[in-house]
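Accompanying notes for the structure given below.
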Amino acid sequence: MKNREIAEMFERMADVLEFQGEMPFKVNAYRKASRVLQDLDQDIEEIWRAGELEKIPGIGSGLAKKIDEYLRTGRMTKYEEVVSQVPSELIDLMQIPNLGPKTLAMAHKHLGVRDLDSLKKVIADGSLAGLPGMGEKKVQNILRGIQLFEQSQARISIGEAYPIVEQIIGQLKSHPAVLKISPAGSLRRMKETVGDIDILVATERGREVIQEFVRLPQVQDILAAGETKGSVLVQGGRQVDLRAVAPDSFGAALQYFTGSKAHNVHLRDLAKRDGLKINEYGIFRGEEKLGGKEEEEIYHILGMDWIPPEMREDRGEIDLALQHALPRLITLQDIRGDLHVHSRYSDGHSSIPELVEAAKERGYEYIGVCDHSQSVKYAQGLTPEKLLEKVEEIRRLNEGLNGFQVLAGAEVDILGDGQLDYPDEVLAELDIVIAAIHQGFKQNVTERILAAMRNPHVLIVAHPTGRLLSGREGYEVDVEAVLRGAAETGTVLEINAYYDRLDLDDAHARRAAELGVLLAINTDAHLIDHLKMMLYGVGVARRAWLSPEKVINTWPVQKILELRKRKQQRLAG
DNA sequence: GCCGTTTTCGGCCCGACTGTTTTCAGTCG
């Protein structure tokens with residue numbers, strides 16, 4: 001897949017062109033194309049071979065030509081030309097908050113700034129503050145931006161951001177002036193990573209609520225505290241923005257601040273064609289306000305159904321909403337069990353009865369206890385003998401559980417040669433077999449996974465790409481081939497809900513569903529507390545537009561067990 | 001650079017905030 005590669009080239013070109021003062025609309029065209037390519041769930045090379053590049057929204061003849069050149073020759077002349085005009089360290093500085101292309105260009109032109117060090121120098125010696133339109137305060141803001149930049153304001157996983165928001169909302173919602181409170185931004189859209197954290201409040205007394213907010217005990221630094229917006233840093237230097245709006249505008253503001261930007265731009269464009277205007281205060285015809293108190297009003301007045309936040313990426317959801325044809329997305333309440341959790345038998349921290357209790361508390365009907373297999377020494381993988389002991393314990397336990405069922409399983413390793421870490425006769429004793437790669441990330445991974453999927457006992461492949469959001473790249477694997485293999489063999493693919501994995505991601509999960517592959521959302525919990533991460537996996541599934549029937553752990557347990565039988569018959573026949 | 005039952009040319013989302021200004025530019029979301 002060259003999608004990301006090309007997207008990054010266009011993004012870089014946009015940065016350089018913007019720095020050079022190119023027309024904003026051209027710059028935006030590159031940015032939009034970059035985003036569309038990143039979100040594309042299909043391989044750009046396939047589209048290219050079909051001669052359909054220009055059918056991608058945001059790709060016209062000019063960009064199609066550049067993509068074509070790149071895919072044919074491995075080079076993009078225009079990219080090389082543009083990028084070579086400006087030192088790359090200089091363009092990197094555009095990531096610094098409060099330092100935009102204009103200021104940077106001016107500092108470059110008049111003061112010779114070309115990288116972070118020279119920027120710091122002209123701040124320290126006061127020459128930056130002496131430029132026209134600059135002053136001490138602007139420079140101080142840039143300095144603070146540099147600090148944020150340096151402590152790497154990288155996006156954080158939703159699993160880190162969500163608890164921060166939950167805590168703040170818990171603290172503020174009982175305040176008498178707070179009428180409504182909701183997360184907004186990419187967090188509300190359940191994006192796998194979150195930049196800034198946005199929270200929205202409906203109130204008549206904004207200043208008071210924002211004062212309360214900036215005085216919360218976890219606040220480490222106050223960046224702004226006005227009547228409509230408060231901005232603070234909490235643990236780990238994470239920025240949280242709280243916006244206060246009047247109750248009459250809460251729906252419009254929530255819509256606006258939830259984004260995505262691309263979704264909103266598209267929506268406003270539609271509104272404009274109907275002679276309407278949308279802003280964060282409401283939806284208007286001329287001076288007349290037609291709505292804005294509830295988010296639904298915005299969508300209904302535009303003639304469409306309300307769109308779940310997770311779908312708001314301008315990937316076709318607006319057309320579906322206009323046709324009243326949005327899918328019924330899976331919800332957390334649809335989940336009947338977690339098929340991949342670890343117990344104390346391997347590297348988990350809980351006994352099986354403890355896991356059962358926790359699963360029951362969550363309203364589950366079943367749980368799949370899948371510990372590591374023998375060759376995963378660092379995780380205390382089970383020998384076949386120990387595994388069979390575990391199966392015995394589970395069988396005994398199930399007799400007293402009236403209704404609830406523990407599935408005896410294993411997360412069996414796919415070895416270097418594509419063989420599984422237990423013989424088939426051991427796998428046959430289990431209710432559920434999940435295959436996974438834990439070693440040899442660069443070693444024929446695609447072939448090994450395909451081989452594992454051909455084993456009739458293997459129902460699920462766990463975390464199919466192996467990526468970690470905290471940094472690990474993932475296996476060298478041809479994802480499209482794995483998705484097709486899953487479709488052919490009737491193997492289920494996992495959406496691993498553990499916050500650092502979220503693997504498959506939303507684009508791959510959507511592609512899988514298109515190919516007819518079934519999915520399972522599992523937490524891979526090693527602690528009781530991890531079970532709640534199911535929420536993030538469901539978020540990925542909703543971003544992939546999945547309805548409950550596509551996800552096997554919304555099914556009754558019997559149907560899951562039958563699925564394995566069906567796969568065995570299919571491979572035998 | 002993209003795009004079109006308003007247009008193949010002339011549009012391209014919209015507003016707040018900040019700091020620097022005396023009417024506005026830059027940045028952000």
Side-chain angles (χ1 to χ4, degrees), chain A residues 10 13-14 17-19 21-36 53-67 78-79 82 93-107 128-142 144-145 148 153 184-189 194-200 206 223-231 239 241-245 249 252-284 298 302 314:
Chain A
F10 285 164
M13 288 171 84
L17 293 172
E18 188 176 29
F19 174 82
E22 184 55 87
M23 296 198 329
F25 302 116
K26 187 190 275 193
V27 173
N28 269 335
Y30 277 98
R31 285 205 206 289
K32 180 176 182 187
S34 171
R35 189 188 49 72
V36 167
L53 285 176
E54 287 187 48
K55 288 194 180 166
I56 303 172
I59 307 290
S61 61
L63 292 180
K65 219 177 266 175
K66 295 181 177 72
I67 295 171
K78 182 74 178 176
Y79 170 79
V82 167
L93 299 182
M94 286 174 64
Q95 302 306 313
I96 296 174
N98 307 322
L99 177 63
K102 304 288 181 192
T103 310
L104 188 60
M106 189 164 64
L128 186 61
L131 291 178
M134 296 299 290
E136 203 42 51
K137 289 214 171 168
K138 275 194 174 180
V139 172
Q140 283 311 309
N141 281 335
I142 293 170
R144 186 144 61 188
L148 289 175
Q153 263 297 80
S186 49
L187 184 104
R188 183 164 179 246
R189 302 201 312 279
V194 175
D196 288 344
I197 300 172
D198 294 311
I199 302 174
L200 193 65
L223 302 177
E227 201 168 340
T228 65
K229 181 180 167 181
S231 198
Q239 183 172 339
D241 293 345
L242 183 81
R243 291 168 191 282
V245 300
S249 300
L254 187 58
Q255 196 289 318
Y256 176 77
F257 286 113
T258 296
S260 68
K261 186 168 179 162
H263 174 90
N264 285 354
V265 167
H266 191 162
L267 219 55
R268 283 174 187 217
D269 188 42
L270 285 183
K272 205 164 152 182
R273 289 185 208 174
D274 289 345
L276 300 168
K277 187 178 75 169
I278 307 174
N279 58 29
E280 55 263 56
Y281 301 107
I283 178 163
F284 300 85
I298 309 290
L302 290 171
D314 196 25

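Naming convention: chains lettered A, B, ... in sequence-line order (proteins, then strands); numbering from 1 in each chain.
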query: Any side-chain heavy atom of A/Arg243 sitting closer than 4.5 Å to one from A/Glu280?
result: no
- request: Would you please confirm or rule out a distance under 4.0 Å between OP1 or OP2 of B/dC2 and any side-chain N or O of A/Tyr30?
  value: no
- line: Taken to the nearest whole Å, CG/A/Asp274 to C1'/B/dT5 is 12 Å
task: Using the C1' atom as the reference point in each nucleotide, state the distance between B/dC13 and B/dC2 in Å, no decimals.
output: 15 Å
query: Can you check whether A/Leu254's main-chain N or O pairs, donor with acceptor, with A/Thr258's side chain at less than 3.5 Å?
result: yes
task: In whole angstrom, give me the gap between the P atoms of B/dT7 and B/dG1.
output: 25 Å
message: Using the C1' atom as the point on both nucleotides, what is the distance between B/dT6 and B/dC12, in whole Å?
response: 15 Å
query: What interatomic distance, in whole Å, is found between P of B/dT8 and the corresponding atom of B/dA25?
result: 32 Å
task: Specify the separation, in whole Å, of atom CD1 of A/Ile67 and atom P of B/dG1.
output: 13 Å
field: Whole-Å gap separating P (B/dC12) and CG (A/Asp314)
entry: 18 Å
- prompt: Between A/Met94 and A/Glu18, is any pair of side-chain heavy atoms under 4.5 Å apart?
  reply: yes
message: Mind checking if A/Ile59 touches a base, just sugar-phosphate, or nothing, with heavy atoms under 4.0 Å?
response: sugar-phosphate
field: A/Arg273 CZ to B/dC13 P, straight-line distance once rounded to whole Å
entry: 11 Å
A/Arg188: partners by salt bridge (Lys or Arg N to Asp or Glu O under 4.0 Å), with sequence neighbours left out: A/Glu295
Each stem that DNA chain B is part of, given as range with range (3 or more consecutive Watson-Crick or G-U pairs, under 3.5 Å): B:1-4 with B:9-12, B:14-19 with B:24-29
Whole-Å distance separating the CD1 atom of A/Ile56 from the C1' atom of B/dC3: 16 Å
statement: A/Glu227 CD to B/dC17 P, in whole Å, measures 9 Å
message: Across nucleotides 19-29 of chain B, 5' to 3', mark each nucleotide with B, S or - according to how protein heavy atoms within less than 4.0 Å reach it.
response: SS-----SSSB
- request: Report yes if some heavy atom in the side chain of A/Tyr281 is under 4.5 Å from a heavy atom in the side chain of A/Val245; otherwise report no.
  value: no
message: Could you check whether any side-chain N or O of A/Asn264 sits under 3.5 Å from a backbone N or O of A/Tyr256, counting only pairs where one atom can act as donor and the other as acceptor?
response: yes
task: List in chain and number order the residues that pass salt bridge (Lys or Arg N to Asp or Glu O under 4.0 Å) with A/Lys26, two or more places apart in sequence or in another chain; answer none if no residue qualifies.
output: A/Glu22
query: Given the C1' atoms of B/dT20 and B/dG26, what is the spacing between them in whole Å?
result: 10 Å
- request: Pick base, sugar-phosphate or nothing for A/Asn279, based on heavy-atom distances below 4.0 Å to the nucleic acid.
  value: sugar-phosphate
task: Return no unless some side-chain N or O of A/Lys277 is found under 4.0 Å from OP1 or OP2 of B/dG15.
output: yes
Nearest-Å distance for atom pair NZ/C1', residues A/Lys32 and B/dG1: 11 Å
field: Side-chain heavy-atom pair A/Asp198, A/Phe257 within 4.5 angstrom cut-off
entry: no
message: Could you tell me how far B/dC9 sits from B/dG15 if I compare only their C1' atoms? Round to whole Å.
response: 28 Å
field: Contact summary for A/Pro132 and A/Met106, nearest pair of heavy atoms
entry: O-CE, 3.6 Å
task: Scan for salt bridge (Lys or Arg N to Asp or Glu O under 4.0 Å) pairs involving residues 266-276 of chain A, sequence neighbours excluded, and state none if there are none.
output: A/Asp269-A/Arg273
message: Less than 4.0 angstrom between a side-chain N/O of A/Thr228 and OP1 or OP2 of B/dC17, yes or no?
response: yes
message: Using the C1' atom as the point on both nucleotides, what is the distance between B/dG10 and B/dT21, in whole Å?
response: 32 Å
Let me check something: any side-chain donor-acceptor pairs from residues 223-230 of chain A under 3.5 Å, sequence neighbours excluded? List them with distances.
none

Between B/dG4 (P) and A/Phe25 (CZ): distance, integer Å: 17 Å
message: What contact category does A/Lys66 fall into here, base, sugar-phosphate, or nothing, at under 4.0 angstrom with non-hydrogen atoms?
response: sugar-phosphate
